[in-house]
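Heads up: the structure comes next, in structure tokens.
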Amino acid sequence: MSNKAASQFSTPMLYGAGLVALALVMLAGLRFAGGDEPAPIEEPATIAETQPELPRPALDPSVVEKATAALVAEPKVVDLVYDPALEVQWNIAVQDDGTRRDGLADYFCMVLGEHGAVVKGTAVRIVDAARRAELKDAYREYALATVDCTTHSPL
């Protein structure tokens, strides 16, 4: 191969290699131009995050009366307290037989739903009837189960 042929062959290769090297240097410079850490990308707020928390809708007294009557008619219910101002509005006392009560709380949510007494934020707490007499209104202290009636998930 002659010198002329060798120089023609190597010039485009060198030129191409030089462009690749220049591109890498430019990319590296762009990466570190703003500092060592890239700027955080802020995600847009969801609709739920931008809307104010609305108060729980009030239940009609006749709905509360019918739902209360239906719950009191249940054989396992010893007593119940409904207070719309509480975080958990329905506190239902039953005898503690040592079993899990999540299913019973969910069942009571279904009874409330049948009577139109479930709105966003409605919750049922199953409490130990025997301990309720000792602790009065400290419902959390003797809770056996608590369920959110709108999501059917334990609280």
Side-chain angles (χ1 to χ4, degrees), residues 16-155:
L19 285 177
V20 170
L22 180 62
L24 290 174
V25 169
M26 289 176 67
L27 285 174
L30 288 175
R31 165 67 172 93
F32 294 107
D36 290 340
E37 294 295 320
I41 298 172
E42 291 187 33
E43 294 187 23
T46 63
I47 292 174
E49 293 170 337
T50 60
Q51 299 298 315
E53 184 67 28
L54 299 175
R56 185 180 311 118
L59 293 177
D60 183 85
S62 66
V63 170
V64 173
E65 187 178 318
K66 289 175 186 175
T68 300
L71 289 171
V72 170
E74 291 291 330
K76 293 194 180 283
V77 174
V78 174
D79 190 18
L80 73 84
V81 173
Y82 170 74
D83 186 345
L86 296 176
E87 181 181 353
V88 178
Q89 306 80 35
W90 296 90
N91 290 280
I92 304 170
V94 301
Q95 295 299 327
D96 184 9
D97 62 3
T99 62
R100 289 184 53 103
R101 295 304 186 145
D102 294 334
L104 184 60
D106 198 40
Y107 169 73
F108 289 153
C109 284
M110 289 189 298
V111 171
L112 291 172
E114 290 172 358
H115 292 86
V118 174
V119 294
K120 182 181 179 199
T122 300
V124 166
R125 179 181 289 134
I126 304 297
V127 297
D128 180 356
R131 294 205 57 220
R132 183 175 187 272
E134 300 168 18
L135 298 172
K136 306 256 188 268
D137 294 332
Y139 299 112
R140 275 191 189 161
E141 299 300 319
Y142 49 91
L144 301 173
T146 307
V147 171
D148 180 326
C149 293
T150 53
T151 63
H152 297 280
S153 59
L155 295 176

All pairs passing salt bridge (charged side-chain N to carboxylate O under 4.0 Å, His left out) where residues 59-68 contributes a residue, at least two apart:
none
Return the NZ to CG distance between Lys120 and Asp148, rounded to the nearest 0.5 Å.
10.0 Å
Can you give me the closest heavy-atom contact between Cys149 and Val124, atom names plus distance?
SG-CG2, 3.6 Å
Report, one line per pair, each donor and acceptor closer than 3.5 Å where one atom sits in a side chain of residues 103-115; sequence neighbours left out.
from, atom 1, to, atom 2, distance (Å)
Asp106, OD1, His152, ND1, 2.5
Tyr107, OH, Glu74, OE1, 3.3
Tyr107, OH, Glu74, OE2, 2.9
His115, ND1, Val111, O, 2.9

Between Gln89 and Ala123, which heavy-atom pair has the shortest distance, and what is it?
OE1-N, 2.8 Å
Minimum heavy-atom separation for Asp102 and Ala145, please, with both atom names.
OD1-CB, 3.2 Å
Within this structure, what is the OG1-CG distance for the pair Thr146 and Leu155, rounded to the nearest 0.5 Å?
6.0 Å
For Gln95 and Ala129, work out which heavy atoms get closest and say how close.
NE2-CB, 3.9 Å
What donor-acceptor contacts under 3.5 angstrom involve side-chain atoms of residues 75-86, with partners at least two apart or in another chain?
from, atom 1, to, atom 2, distance (Å)
Asp79, OD2, Arg132, NH1, 3.2
Asp83, OD1, Ala85, N, 3.0

Between Trp90 and Ala67 the two heavy atoms that sit nearest each other are CH2-CB, 4.0 Å
Could you walk me through whether Val119 and Thr122 pass the side chain to side chain contact (heavy atoms under 4.5 Å, CB included) check?
CA-CA 6 Å; Val119 294; Thr122 300; 3.4 Å; yes
Separation between CG (Asp97) and CG (Leu144), nearest 0.5 Å, reads 9.0 Å
